[in-house]
There are 2 protein chains.
Amino acid sequence: MKRICVVEDEVLVREELSSMLENNGYNVSVIDKFDDVSSDILKHEPDLVLLDINLPNLSGFQICRDLKNKSSVPVVILTSRDDLKDELNALELGADEFMTKPYRKERLLLRISNVLKRYEGRSNLLEGPGFLLDRLTYTLYIDGTSVILPKNQGKILEVLLQNRGEEVSRQEISDKVWGTSEFIDENALQVNLTRLKKTMASLNMPCTVQAVRGVGYKIVETEEK
Amino acid sequence: MKRICVVEDEVLVREELSSMLENNGYNVSVIDKFDDVSSDILKHEPDLVLLDINLPNLSGFQICRDLKNKSSVPVVILTSRDDLKDELNALELGADEFMTKPYRKERLLLRISNVLKRYEGRSNLLEGPGFLLDRLTYTLYIDGTSVILPKNQGKILEVLLQNRGEEVSRQEISDKVWGTSEFIDENALQVNLTRLKKTMASLNMPCTVQAVRGVGYKIVETEEK
DNA sequence: AGAAACCTTACATCAGGTGTAAGTTCAAAT
DNA sequence: ATTTGAACTTACACCTGATGTAAGGTTTCT
């Protein structure tokens with residue numbers, strides 16, 4: 001059963017939404033404290049977030065941005081203002097749907113089920129600069145094609161992506177690839193890194209793995225025409 | 001550059017749409033004969049179809065259904081009536097967006113670019129009953145996880161999916177897997193079919209490969225709780 | 001019962017991913 | 001400029017998993 005997290009400060013509307021969703025076969029969790037919203041939401045591990053824009057402390061837009069940065073959960077935005085600017089804003093932030101209140105029950109339900117359908121099987125896709133990586137199979141999607149990375153190269157790319165832009169130490173990579181218990185051959189890692197770089201280059205990916213002397217490695221975007 | 005196919009019978013609106021899209025970096029092709037619309041559309045190999053619902057001969061709904069049956073091209077529906085029924089109908093048919101006229105330029109453009117983004121890298125996904133198959137890597141998406149099929153099993157599943165529901169002869173499968181020129185060992189095919197069935201069963205897929213005595217094989221859905 | 005279509009299992013082979021080894025290049029610091 | 005350790009490269013041997021082969025078993029129709 002799919003879990004939907006409802007983020008709405010008006011208690012009445014919240015309960016109406018909850019019961020409607022529950023009646024239609026969803027598992028609902030609600031947010032009623034509004035300080036660290038985006039983390040709270042993710043703790044529930046929802047399959048979809050139904051988000052009101054007009055909230056007390058934080059702006060709904062900010063929450064949406066946070067959610068999309070920290071995860072790839074789909075977000076449906078609900079608002080009482082019918083404002084084009086809001087809508088453009090929301091969709092640019094990566095929101096998946098935008099609906100104005102008063103909402104028609106059927107319309108909302110259909111859009112929710114549509115968004116969920118759209119995300120089917122996409123839950124394990126990690127987003128990188130200009131490509132997607134399936135965390136389970138290490139299938140790499142780029143430029144309308146797809147390739148399967150060898151397991152080790154996939155794992156390295158995965159750990160680098162999870163720290164997008166940040167340096168990752170050899171140790172961390174090693175742990176990811178072979179597990180923390182195994183003996184680590186510095187060189188084995190080196191060889192696999194070289195292989196990953198070669199693969200990425202041959203795919204014309206818009207980023208590379210860059211060594212940071214004495215520290216580790218990081219992903220950097222390579223801009224080119 | 002992405003190609004958009006505009007399907008709209010009113011010449012004025014059509015030209016307005018076309019020039020707007022072209023000004024925003026799309027390659028536009030228009031439909032102006034309305035007899036065998038869905039085939040005509042697909043001949044242009046569009047990345048997206050912008051479809052008016054109120055057309056002379058055929059209903060826009062029917063076209064949408066045809067398009068979705070024959071391909072996986074995204075469809076954005078445009079209509080002058082703001083009718084909930086229409087919208088529900090359209091979305092159930094698999095339309096990707098639904099917009100009412102008069103449309104706001106920015107809103108339409110944003111939705112189009114959103115839909116295109118959403119389809120990025122998905123162009124090679126074949127849809128089966130309850131799962132998706134990547135035609136290039138034979139990565140299989142089911143139940144929120146993914147698995148890589150061995151090449152031969154993938155190819156067999158692919159050719160079966162392309163003829164969803166229909167029987168496919170051994171010969172056709174063989175051609176797909178080994179190419180028409182190769183010598184065909186009946187048994188090799190048999191073994192690979194068995195392997196595919198085993199794989200599918202172990203994944204709890206909601207369908208199986210069924211032999212049709214003297215003819216070939218087909219995919220059938222297995223209904224179960 | 002018998003034959004033809006279809007299926008199963010086990011095994012040998014082969015390709016591609018992997019770690020190892022041995023060496024080369026690079027870049028910062030003296 | 002020389003040195004030194006970090007970062008990289010290449011070649012090779014090994015191992016895993018996908019594949020084809022072979023031999024035999026089951027089903028289904030007459």
Side-chain angles (χ1 to χ4, degrees), chain A residues 133-134 136-140 147-160 167-179 181-203 208-220, chain B residues 133-134 136-140 147-160 167-179 181-203 208-220:
Chain A
L133 178 70
D134 184 317
L136 297 176
T137 59
Y138 304 116
T139 305
L140 181 66
V147 192
I148 295 171
L149 296 183
K151 253 180 259 319
N152 285 350
Q153 295 180 43
K155 286 184 182 174
I156 295 175
L157 185 55
E158 182 187 357
V159 72
L160 288 172
E167 293 97 3
V168 182
S169 70
R170 279 189 161 65
Q171 185 63 53
E172 282 177 79
I173 301 179
S174 204
D175 288 357
K176 173 75 191 178
V177 178
W178 292 280
S181 53
E182 294 290 314
F183 171 72
I184 296 132
D185 180 355
E186 276 281 299
N187 192 239
L189 176 58
Q190 179 59 61
V191 171
N192 281 289
L193 268 163
T194 302
R195 284 170 182 156
L196 174 59
K197 283 194 215 171
K198 202 170 285 177
T199 310
M200 290 173 74
S202 73
L203 291 171
T208 357
V209 176
Q210 196 172 74
V212 183
R213 198 155 241 259
V215 183
Y217 295 85
K218 65 176 178 180
I219 296 244
V220 291
Chain B
L133 178 70
D134 185 317
L136 296 176
T137 59
Y138 304 116
T139 305
L140 181 66
V147 192
I148 295 172
L149 295 183
K151 252 179 261 317
N152 286 349
Q153 295 181 41
K155 286 183 182 174
I156 296 176
L157 185 54
E158 181 187 358
V159 72
L160 288 172
E167 295 96 2
V168 182
S169 70
R170 275 186 163 61
Q171 185 62 55
E172 282 177 78
I173 301 179
S174 205
D175 288 356
K176 172 76 191 176
V177 177
W178 292 281
S181 53
E182 295 290 314
F183 170 73
I184 296 132
D185 180 356
E186 276 282 298
N187 192 240
L189 176 58
Q190 179 59 61
V191 172
N192 281 289
L193 268 162
T194 303
R195 284 172 182 155
L196 174 59
K197 284 194 214 171
K198 202 169 285 176
T199 310
M200 290 173 74
S202 74
L203 291 171
T208 356
V209 175
Q210 197 172 72
V212 183
R213 198 156 241 259
V215 183
Y217 295 85
K218 63 176 178 181
I219 295 245
V220 290

Nearest atoms (heavy-atom pairs only) where [X] meets [Y]:
X	Y	result
Asn192(B)	Gln153(B)	O-CG, 4.2 Å
Tyr217(A)	Leu160(A)	O-CD2, 3.8 Å
Arg170(A)	Gln190(A)	NH2-OE1, 3.7 Å
Lys155(B)	Val177(B)	NZ-O, 3.4 Å

Problem set entry | Residues that Lys218(A) engages under side-chain hydrogen bond (donor to acceptor under 3.5 Å, both in side chains), provided they are two or more places apart | none
Exercise. Any side-chain heavy atom of Tyr138(B) sitting closer than 4.5 Å to one from Leu157(B)?
Worked result: no
Exercise. Can you find a heavy atom in the side chain of Leu149(B) that is under 4.5 Å from one in the side chain of Leu133(B)?
Worked result: yes
Between the protein and nucleotides 3-5 of chain D, list every N/O to N/O distance that falls short of 3.5 Å.
residue : atom : partner   : partner atom : Å
dG5(D)  : N2   : Arg213(A) : NH2          : 2.9

Problem set entry | Gap between atoms CD1 and P, on Ile173(B) and dC6(C) respectively (whole Å) | 11 Å
For this session: Could you check how far CD of Glu186(B) sits from P of dG20(D), rounded to whole Å?
Result: 14 Å
For this session: Sugar-phosphate atoms are those with a prime plus P, OP1 and OP2; base atoms are the rest. Using that split, label each nucleotide of nucleotides 7-21 of chain C B, S or - for protein heavy atoms under 4.0 Å, 5' to 3'.
Result: BBB-------SBBBB
Problem set entry | Option from Leu196(B), Val168(B), Val220(B) for which side-chain contact (heavy atoms from CB on, under 4.5 Å) with Val209(B) holds | Leu196(B)
